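Take a look at the structure set out below.
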Amino acid sequence: MGDTELRDRGLAEDGTIRREGSLSRIPAAFAPVVEAARSRITETFGATRLHSAYLYGSIPRGTAIPGVSDLDLLLALRDGPTEADRATARSVEAALDAACGPVDGVGILLFGADTLLSELERHDMGFFVACLCTPLLGDDLATRLPRYRPTPLLARETNGDLCLSLPRWRSRAAGATTDAERRNLSRGVARRIVRSGFTLVMPRWGGWTSDIEESAEIFGRYYPERIEQMRVAAATGRTPSTDPAVLTMLIDDLAPWLAAEYIAVHGEKAPRP
């Protein structure tokens with residue numbers, strides 16, 4: 001595989017998955033948002049509580065759209081998150097969301113640094129930090145994690161638990177009474193389905209992408225009979241839908257088939273405590 005093809009498949013010269021984001025790729029419109037996040041996290045968590053902070057998603061990939069994209073953050077704490085930490089994170093989310101016009105929502109994930117470095121999370125959250133997160137504050141945990149390749153093990157441990165989401169999605173769909181609830185649910189469900197569809201075929205394709213449309217098209221090369229449904233999922237992940245028929249297709253047809261196919265091909269993800 002030549003250098004250009006390696007880059008096109010998200011790989012470094014040695015065939016490992018390249019880290020996809022960088023602070024240098026942040027669009028100018030979002031630079032103040034990122035600086036505000038850096039300041040707010042430093043002020044609220046401090047060096048005694050915070051090990052490191054990371055950006056992920058479209059902003060560090062350089063593909064964010066003002067007024068459409070959200071700000072996604074992961075905080076690695078020096079030990080497991082407490083209820084007080086979660087409350088602090090919610091206050092930071094609310095403050096940034098209210099103060100920063102270009103973003104459409106702010107989300108913060110909290111983990112203990114030891115959890116992110118654990119053997120159990122090595123090919124899930126460890127991979128996430130090492131390849132899909134961009135360092136913002138503190139010492140980068142990626143230096144203590146391996147280089148990753150697009151293997152069946154990585155596929156199993158990233159999305160081999162899709163089946164566990166189905167009952168929760170069905171319950172939320174049954175209880176959704178507003179367009180806002182349906183949009184929020186359809187967006188999350190669609191993005192998870194597209195990610196799972198991509199990682200299902202990732203070892204055969206031999207690379208990595210987080211682009212939602214590209215992920216759907218790569219999936220379709222191996223499952224052409226499901227490509228139109230996956231394209232709807234990708235479109236819904238970009239522009240959430242309030243159409244009950246879309247939610248029904250995603251939750252009651254595409255997702256159950258995908259969950260069963262995933263287990264058949266890669267097996268189930270190692271159970272978490």
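As the structure is a prediction and not an experimental result, all values here were calculated from the model. The residues of the chain are indexed from 1 along the displayed sequence.
- Taking OG1 from Thr158 and OH from Tyr148, the interatomic distance works out to 11.5 Å, rounded to the nearest 0.5 Å.
- At a threshold of 4.5 Å between side-chain heavy atoms, the hydrophobic network of Ile, Leu, Val, Met, Phe, Trp and Tyr places Leu117 and Tyr56 in one connected group.
- Under the 4.5 Å side-chain heavy-atom criterion for ILVMFWY residues, no single connected hydrophobic cluster contains both Leu120 and Leu154.
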Before you tell me yes or no, could you show the steps for Arg49 and Thr82 under side chain to side chain contact (heavy atoms under 4.5 Å, CB included), namely the whole-Å CA-CA distance, both residues' side-chain angles and the distance that decides it to 0.1 Å? CA-CA 11 Å; Arg49 196 76 193 98; Thr82 65; 4.1 Å; yes

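- By the 4.5 Å heavy-atom criterion applied to side chains, Arg86 and Pro81 are counted as neighbours.
- Under the 3.5 Å distance criterion, the side-chain polar atoms of Tyr222 are left unmatched by any main-chain donor or acceptor of Met202.
- Going from atom CZ of Arg25 over to atom OG1 of Thr134 covers 8.0 Å, rounded to the nearest 0.5 Å.
- Residues Asp124 and Glu121 form a side-chain contact, since some pair of their non-hydrogen atoms from C-beta on lies under 4.5 Å apart.
- Distance alone, capped at 3.5 Å, places no donor-acceptor pair between the Arg182 side chain and the Asp243 backbone.
- For the side chain to side chain contact (heavy atoms under 4.5 Å, CB included) with Asn159, the qualifying choice from Leu258, Ile193, Thr199 is Thr199, the only one to do so.
- Between the side chains of Glu43 and Ser39, no donor-acceptor pair of N or O atoms lies under 3.5 Å.
- Under a cut-off of 6.0 angstrom, the local environment of CG in Asp139 is sparse, with at most 12 non-hydrogen atoms contributed by other residues, nucleotides or ligands.
- In terms of modelled atom types and a separation under 3.5 Å, the side chain of Tyr223 and the main chain of Gly197 share no donor-acceptor contact.
- Leu73 forms part of a hydrophobic cluster together with Leu23, Ile26, Phe30, Val33, Val34, Ile41, Phe45, Leu50, Leu55, Ile59, Leu71, Leu75, Leu77, Val92, Leu96, Val103, Val106, Ile108, Leu110, Leu136, Leu137, judged by ILVMFWY side-chain heavy-atom separations under 4.5 Å.
- Within the structure, the salt bridge (Lys or Arg N to Asp or Glu O under 4.0 Å) test picks out the following pairs touching residues 152-169 (sequence neighbours left out): Glu157-Arg272, Asp161-Arg192, Asp161-Lys269.
- Heavy-atom contacts from other residues, nucleotides or ligands closer than 6.0 Å to CG of Asp179 number more than 12.
- Contact of the Pro135 side chain with the Arg19 side chain is registered, since non-hydrogen atoms from C-beta on lie closer than 4.5 Å.
- When hydrophobic clusters are built by joining Ile, Leu, Val, Met, Phe, Trp and Tyr residues whose side-chain heavy atoms come closer than 4.5 Å, directly or via intermediates, Val189 is grouped together with Met249.
- Of all heavy-atom pairs spanning Leu166 and Ala255, the tightest one is CD2-CB, 3.6 Å.
- Clustering ILVMFWY residues whenever any of their side-chain heavy atoms sit less than 4.5 angstrom apart, transitively, puts Tyr262 in the very cluster that holds Val265.
- Asp211 and Thr209 form no side-chain donor-acceptor contact under 3.5 Å, judged by distance and modelled atom types alone.
- Outside the 6.0 Å centre-distance limit, the rings of Phe219 and Trp205 are not counted as a close aromatic pair.
- Without hydrogens or angle criteria, Thr88 side chain to Ala84 main chain gives a donor-acceptor distance under 3.5 Å.
- Salt bridge annotation for Arg231-Glu217: present, with a cationic side-chain nitrogen under 4.0 angstrom from a carboxylate oxygen.
- A donor-acceptor pair is defined here as one N or O able to donate and one able to accept, closer than 3.5 Å; no such pair exists between the side chain of Arg183 and the backbone of Ser241.
- Here the CZ-OG1 distance, from Arg191 to Thr236, works out to 11.0 Å after rounding to the nearest 0.5 Å.
- Distance check: Ser196 OG to Glu261 CD gives 12.5 Å after rounding to the nearest 0.5 Å.
- Checked against the 6.0 Å centroid threshold, His123 and Phe127 do not count as a close aromatic pair.
- Taking OG of Ser186 as the start and CZ of Arg172 as the end, the distance is 9.5 Å to the nearest 0.5 Å.
- For Arg221, the CZ atom is densely surrounded, since the number of other residues' heavy atoms within 6.0 Å is greater than 12.
- Side-chain atoms of His266 come within 3.5 Å of backbone atoms of Leu200 as a donor-acceptor pair (strictly under, hydrogens ignored).
- With a 4.5 Å cut-off on side-chain heavy atoms, Phe111 and Phe128 do not count as touching.
- Annotation for Ala142 and Val129: closest pair N-CG1, 4.5 Å, computed over non-hydrogen atoms.
- Looking at Arg149, its side chain never comes within 3.5 Å of a backbone N or O of Ile17 through a donor-acceptor pair.
- Taking Arg38 as the reference, Glu35 meet the salt bridge (Lys or Arg N to Asp or Glu O under 4.0 Å) condition, with sequence neighbours excluded.
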